[in-house]
Amino acid sequence: MTSSRKHALVGLSGGVDSAVAALLLLEQGCRVTGVTMSVYDGPKASGRRTGGCYDCGEEEDIALAADMAAQLGIAHHIFGCAEQYRNVVLAYFRKTYLEGKTPNPCIRCNALVKFGLLPALAKEAGLEFDLFATGHYARAEYVARYGKQVLLCARDTRKDQSYFLYRLTQEQIDRALFPLGCLKKAEVRRLAAARGLPVHDKPDSQNFYAGDYAELVNARPQQGNIVTVDGTVLGSHMGYWRFTPGQRKGLGVAAKTPLYVLRIDPSRNEVVVGEYGESLRLSCIIGDMRRHIPLEQTDRVLMARLRSTPHFVPVTVDLSGDASGERCVVTFAEPQAGVAPGQSLVLYCDNVLVGGGIIGAD
RNA sequence: UGGGAUGUAGCCAAGGGGUAAGGCAACGGGUUUUGAUUCCGUCAUCCGAAGGUUCAAAUCCUUCCAUCCCAG
């Protein structure tokens, strides 16, 4: 491009964050086009919605996104992604739970649908753009010492969402733009209010699905036992796929101390529980890795997140066991609770996202 | 049937004359783009039942009921 005026495609969800992202890009002088994906293809249910990604009331959000685009004076396009979403996210969600593991649909969706299919469809539709922006609280910046564009934590690490983005490819990172990366949520709302955007006080959406997860797994309820490590039966449940390691609430089992899910045994439909101490683990195997920065280039202690929470644990990573570099063993400085197969472990060096992978079954 | 023991919320469990701890579960809420974690709040007008003693009892007495264990 000869023009210095960049053209940014912005994923508008209908919420405050993406609207403010678009607003900021306009203020920076970008050409901006809004795009929204439609992913729901389930029953046209009740219409009662609480704000999930896969939500039977998504038309409302799409309409909000369109309104927002109109208010900002930018073009807006809607792309149907339901079929792919079903194949890529929902099928994965169901399969993972049935394997006795815990899926993370947001990570999968970001890499394959939101940052994958959506811009691809936009390109197919003839839209030209240099950048793809979203309202995520994260940063994508060129870092000289690594010689490329990398993902970084948002300034406000409490709100940081880079965890959900670690599976992006280098090309996706190269054109990614996160206008909210240096802002706090309150500032974003203030900006929206100042610009008169009606979504300025819209509650955050924080669910992937507003209904009963078991509906998505779509498995027939099946009674099984809740057992201790030594096999003592403490109670029963209606399907192992309703549980995740580390879970405490919802077991329905009374004991001296709180009990946590230690592991799940799909073949016996058993949920193994134990005390907090029994749930601690010092290491785990990571598979299906995505590596953004070679570990040799990191000279500081690596920190890991085992969940999207702001909690970081110092770790050491051993890649020696696997030549392909897709697997490694991660050892924690302190024993960790809630290490759940299927969940992602994401590595950071300072604020830079180094890579990550999926926690294995053992 | 004889001997022993126990009966406090859904579960476990303190309190042994002065007006029902605590834990677990459950429920409600906060945090959270994963129903995890975490945090906050609520949860026995009543202590197996009926009488009695006392200013006052879940706590003492009596009887009854239930359950468990050991005998036979």
Side-chain angles (χ1 to χ4, degrees), chain A residues 11 13-18 21 37 39 50-55 58 61 89-90 92-94 96-97 101-111 113-115 134-138 154 156-167 178 180 185 188 202-217 226 228 234-239 241-264 271 273-276 279-281 305-311 313 335-346 356 358-359:
Chain A
S13 68
V16 224
D17 292 332
S18 56
M37 54 185 193
V39 298
T50 56
C53 290
Y54 184 68
D55 189 323
E58 72 168 12
D61 284 326
V89 179
L90 298 181
Y92 146 84
F93 183 84
R94 170 182 156 81
T96 307
Y97 262 128
K101 300 177 186 172
T102 311
N104 188 315
C106 298
I107 287 173
R108 182 106 174 156
C109 172
N110 281 332
V113 184
K114 196 174 289 175
F115 287 80
T134 66
H136 283 97
Y137 289 84
D156 180 4
T157 51
R158 269 224 58 94
K159 193 66 190 170
D160 176 53
Q161 295 171 322
S162 61
Y163 176 87
F164 295 101
L165 300 170
Y166 87 97
R167 293 219 137 239
F178 304 111
L180 308 187
K185 185 76 186 195
V188 169
K202 188 183 174 195
D204 294 359
S205 75
Q206 47 203 23
N207 298 318
F208 149 62
Y209 181 62
D212 183 345
Y213 273 31
E215 289 171 11
L216 294 184
V217 174
I226 294 177
T228 59
L234 298 182
S236 68
H237 64 257
M238 289 310 289
W241 56 86
R242 293 170 176 271
F243 301 86
T244 181
Q247 179 176 338
R248 168 181 173 175
K249 289 291 181 181
L251 299 179
V253 175
K256 301 272 185 201
T257 61
L259 295 175
Y260 296 80
V261 173
L262 302 183
R263 61 174 180 272
I264 288 161
V271 175
V273 301
E275 296 188 348
Y276 182 77
S279 75
L280 296 174
R281 297 197 45 178
R305 263 180 177 159
L306 291 105
R307 230 84 203 201
S308 63
T309 52
H311 182 63
V313 205
Q336 297 297 307
V339 179
Q343 287 292 286
S344 286
L345 180 146
V346 179
I358 296 176
I359 298 170

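In the text below, chain A, chain B and the rest are named by the order of the sequence lines, each starting its count at 1.
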message: Check this for me: does the side-chain of A:Q343 come within 3.5 Å of the base of B:U34 through a donor and an acceptor?
response: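 Check passes, donor-acceptor contact within cut-off.
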
field: Presence of donor-acceptor pair under 3.5 Å, side chain of A:H311 and base of B:U37
entry: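 Not at all, since no donor on one side and acceptor on the other fall under 3.5 Å apart.
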
message: Please compare A:L306 and A:G250 by the position of their nearest nucleotide in RNA chain B and report the one closer to 5'.
response: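 Going by which nucleotide is closer to the 5' end, it is A:G250.
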
First encountered from the 5' end of RNA chain B, between A:A214 and A:V253: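 Residue closer to the 5' terminus by nearest nucleotide: A:V253.
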
Could you measure between the two [atom1] atoms, the one in [N] and the one in [M], and give it in whole Å?
| N | M | atom1 | answer |
| --- | --- | --- | --- |
| B:G15 | B:G52 | C1' | 23 Å |
| B:G10 | B:G51 | P | 23 Å |
| B:U8 | B:U45 | P | 15 Å |

- prompt: Within less than 4.0 Å of OP1 or OP2 of B:U34, is there a side-chain N or O belonging to A:R108?
  reply: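 Checking B:U34 against A:R108, no side-chain N or O comes under 4.0 Å of OP1 or OP2.
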
- prompt: Do any side-chain nitrogens or oxygens of A:R307 fall under 4.0 Å of OP1 or OP2 in B:U32?
  reply: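 For A:R307, the contact criterion (side-chain N or O under 4.0 Å from OP1 or OP2 of B:U32) is not met.
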
- prompt: How would you label the contact of A:L251 with the nucleic acid (heavy atoms, under 4.0 Å): base, sugar-phosphate, or nothing?
  reply: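 Sugar-phosphate contact only - A:L251 comes under 4.0 Å of backbone atoms but never of a base.
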
Sugar-phosphate only, base, or nothing, as touched by A:G252 at under 4.0 Å among non-hydrogen atoms: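 Counting heavy atoms under 4.0 Å across all strands, the contact made by A:G252 is with sugar-phosphate only.
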
Kindly point out which of [options] is positioned nearest to the side chain of [X]?
| X | options | answer |
| --- | --- | --- |
| A:Q247 | B:U37, B:U33, B:U34 | B:U37 |
| A:Y260 | B:U38, B:U31, B:U34 | B:U38 |
| A:T309 | B:C24, B:A36, B:U33 | B:A36 |
| A:P105 | B:U33, B:U34, B:U38 | B:U34 |
| A:K159 | B:U34, B:U37, B:U32 | B:U32 |

message: A:P245 and side-chain contact (heavy atoms from CB on, under 4.5 Å): which single residue from A:V271, A:T102, A:V339 fits?
response: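 The option that passes is A:T102.
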
query: Whole Å only: how far is the CZ atom of A:F164 from the P atom of B:U33?
result: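 After rounding, the reported distance stands at 6 Å.
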
- prompt: In whole angstrom, what separates A:I359's CD1 from B:A36's C1'?
  reply: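 Atom-to-atom, A:I359 to B:A36, this comes out as 12 Å.
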
Face-on cation placement of A:R305 at A:Y163 ring, 6.0 Å and 45° thresholds: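 Judged by the rule, A:R305 and A:Y163 form no cation-pi pair.
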
query: When the ring centroid of A:H237 is compared with that of A:F243, is the distance short of 6.0 Å?
result: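 Yes, the ring centres sit under 6.0 Å apart.
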
- prompt: Do A:Y209 and A:F93 have ring centres separated by under 6.0 Å?
  reply: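 Here the rings of A:F93 and A:Y209 have centres that are no less than 6.0 Å from each other.
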
field: Footprint string (nucleotides 8-13 of chain B, 5' to 3'): B base within contact, S backbone only, - free, heavy atoms under 4.0 Å
entry: --BBS-

- prompt: A:S13: what forms a side-chain contact (heavy atoms from CB on, under 4.5 Å) with it, not counting sequence neighbours?
  reply: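 Result, side-chain contact (heavy atoms from CB on, under 4.5 Å) vs A:S13: A:S18.
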
